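Single-structure report; data block below.
Counting begins at 1 with the first residue of the sequence. Predicted, not measured: the structure shown is a model, and the values here were computed from it.
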Amino acid sequence: TFTPNGDGYNDTWEISMLTSFTQSVTEIYNTAGQRIYVDKGHARPWNGNINGKAAPAGTYYYVIDLGNKRDRFSGYVTIIR
């Protein structure tokens, strides 16, 4: 869960250890199954925006592929506004 409201606290969804996996790919999907975010190497943590606009509060599905041909993780991340 994160709160991207611009107050400087918990404004991005950041996974600190993910920067060690430079080949990793993080994808986030909305409830309709549309991919709304993709990042390689965790260079830019998700700020809760979709195409430059604030994503609605709610729960989103993520898939993280570490790029090591074996580890892939998925789950849910929630935005509170």
Side-chain angles (χ1 to χ4, degrees):
T1 301
F2 70 112
T3 57
N5 58 8
D7 67 357
Y9 298 99
N10 205 29
D11 284 335
T12 59
W13 186 57
E14 188 168 350
I15 304 168
S16 59
M17 294 302 294
L18 200 52
T19 57
S20 299
F21 296 90
T22 58
Q23 299 300 312
S24 69
V25 176
T26 302
E27 298 174 309
I28 299 176
Y29 298 85
N30 64 16
T31 56
Q34 299 166 315
R35 187 173 73 179
I36 59 167
Y37 172 87
V38 64
D39 182 45
K40 296 181 181 173
H42 205 58
R44 54 179 185 90
W46 189 35
N47 62 4
N49 287 344
I50 302 171
N51 297 323
K53 295 183 181 179
T59 301
Y60 296 83
Y61 182 72
Y62 70 84
V63 177
I64 300 172
D65 183 342
L66 294 181
N68 61 7
K69 300 189 191 269
R70 53 173 214 250
D71 293 325
R72 190 172 174 161
F73 302 94
S74 61
Y76 297 92
V77 59
T78 301
I79 292 177
I80 297 174
R81 294 207 182 265

Sequence neighbours excluded, which residues qualify as side chain to side chain donor-acceptor pair (under 3.5 Å) partners of N49? none

Sorted by first residue and then second, give each salt bridge (Lys or Arg N to Asp or Glu O under 4.0 Å) pair with at least one member in residues 9-32; sequence neighbours left out. E27-R35

Other hydrophobic cluster members with I80, side-chain heavy atoms of Ile/Leu/Val/Met/Phe/Trp/Tyr under 4.5 Å, chained? none

[X] and [Y]: same hydrophobic cluster, using ILVMFWY side-chain contacts below 4.5 Å?
X: Y29; Y: I79; result: no
X: L66; Y: V77; result: yes
X: W13; Y: F73; result: yes
X: I28; Y: I50; result: yes

Rounded to the nearest 0.5 Å, what separation is found between the CG atom of L18 and the OG1 atom of T26? 4.5 Å

Please round to the nearest 0.5 Å and tell me the distance separating atom OG of S20 and atom NE2 of H42. 10.5 Å

Sequence neighbours left out, what passes ring pair (Phe, Tyr, Trp, His ring centres under 6.0 Å) with F21? Give chain and number order. none

Contacts of type ring pair (Phe, Tyr, Trp, His ring centres under 6.0 Å), residue Y61, not counting sequence neighbours: Y76

side-chain contact (heavy atoms from CB on, under 4.5 Å) between Q23 and N68, worked out: CA-CA 8 Å; Q23 299 300 312; N68 61 7; over 6 Å; no

Flag side-chain contact, heavy atom, 4.5 Å: W46 against D39: no

Taking the side chain as every heavy atom from C-beta outward, state whether Y62 and I15 have any atom pair closer than 4.5 Å. no

Might you point out which heavy atoms bring [X] and [Y] nearest each other, and give the distance in Å?
X: T22; Y: T19; answer: CG2-O, 4.0 Å
X: F2; Y: N47; answer: CE1-C, 4.0 Å
X: G48; Y: P4; answer: CA-CG, 4.2 Å

Residues 51-60 side chain polar contacts: donor-acceptor under 3.5 Å, at least two apart:
residue : atom : partner : partner atom : Å
T59     : OG1  : T78     : OG1          : 3.3
Y60     : OH   : P56     : O            : 2.7

Neighbour count above 12 (heavy atom, 6.0 Å) for R81 CZ: yes

